[in-house]
Amino acid sequence: MFCIKSDGEDDIVLVHDPHGEEYYNTICTNNHIPDIWEKYSYLWNNLGLSAPGSSHFPPLPGEGGALQWAGLTFDQLHIAHIKATYNNTHVQVTDSAGLSLVRTSCGTEGFKNVKKSTPIAAQTAGISAATKATLKGVAYVRVVVSGLGPGRLSAIKGLAMGGVEVVSISDNTPVPHNGCRPRKARRM
Amino acid sequence: MARHLRFIARTVMVQEGDVDAAYKMLNRVLAHDGIIEAVKRRRYYEKPCRERQRKNFENCKRIYHADMARKIAFVSKTHRQDAWVGC
């Protein structure tokens, strides 16, 4: 939540969380826009006019009860982990604590070798994971994607097509702060 | 991001079941934060000499683009106040 107060020529931008704590405040004049405003202004479409339930940001852990999906708060929803490597795509649906319910991948769907690293294989893996999850009683799921592979988007689409409602998409791609040394560059 | 609180950063809510738009927004946020290009770069090891060359090149490109944008903005400013009123 945010509000803008204008004071003649200057605009004061205040960003609050729902409890009223200020995240960030700044004064932006007409010509100088600070970096954080530029960075997130494309997310804030209608300034101050957005409906209370339709925020682009996820609800914070402390705030509960405001949004419900089948009687569950955001923190209690099931999680669908999608690991999209360059050669394969794995989909695993777990509960909010991390206990695994369903585990599918392109290999378990019958694809072999190079056909596993295609978006269509990822879509079938997503559909099969969604059907198995609905049999176990999962309706709403928040998706966590990891890796930049070919099946990154189509696995999420497959989940949605298979009958599970996607509530949010997170990215958990591992970015080391100069940890392990990757393999040497290919010369082609 | 195992040591951070989960589902706070790099997270986008899906509005009205529109998964494509949410994914596009997530991609835009990640690209703006430089995560996608960092992951692509770390797929294979980049030797320190190549890294220095790349950083130098990116610096020069940034300066060039900034100067060019300044020049274009200046040249395209056609409506100016008349400096020689009355002459």
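Throughout, a chain's letter reflects where its sequence line sits, starting with A, and its residues are numbered from 1.
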Look at atom [atom1] of [X] and say whether more than 12 heavy atoms of other residues, nucleotides or ligands are closer to it than 6.0 Å.
X	atom1	value
Arg183(A)	CZ	yes
Arg103(A)	CZ	no
Arg50(B)	CZ	no

Side-chain heavy atoms under 4.5 angstrom apart, residues restricted to Ile, Leu, Val, Met, Phe, Trp, Tyr: same cluster for [X] and [Y]?
X	Y	value
Val143(A)	Val138(A)	yes
Leu101(A)	Ile127(A)	no
Leu99(A)	Leu77(A)	no
Ile156(A)	Ile120(A)	no
Met161(A)	Tyr140(A)	no

Taking every non-hydrogen pair under 4.5 Å, which of Asn27(B), Asp20(B), Leu5(B) racks up the most with chain A? Asp20(B)
Considering heavy atoms only, which positions within residues 105-119 of chain A lie below 4.5 Å of chain B? none
Test item: [X] and [Y] side chains (from C-beta on) under 4.5 Å apart, heavy atoms:
X	Y	result
Tyr45(B)	Pro182(A)	yes
Met13(B)	Ser168(A)	yes
Arg152(A)	Tyr23(B)	yes
Val19(B)	Glu165(A)	no

For chain B, which candidate among Val175(A), Asn178(A), Ile169(A) shows the most heavy-atom pairs at distances under 4.5 Å?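 Going by pairs under 4.5 Å, I would pick Ile169(A).
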Under a 4.5 Å cutoff for heavy-atom pairs, which residue among Val145(A), Val166(A), Val167(A) has the most contacts with chain B? Val167(A)
Interface moiety of Arg6(B) toward chain A, non-hydrogen atoms closer than 4.5 Å: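 It is the side chain, since no backbone atom gets that close.
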Tell me, for Leu26(B) versus chain A, whether the close heavy atoms (under 4.5 Å) come from the side chain, the backbone, both or neither. side chain
Minimal heavy-atom distance between Ser170(A) and Thr11(B), with the atoms involved, is OG-OG1, 3.2 Å
Kindly give the heavy-atom pair with the smallest separation between Arg186(A) and Tyr44(B), and that separation in Å. CD-OH, 3.1 Å
What part of [X] lies closer than 4.5 angstrom to a heavy atom of chain B: side chain, backbone, both or neither?
X	value
Leu148(A)	side chain
Leu159(A)	neither
Ala185(A)	both

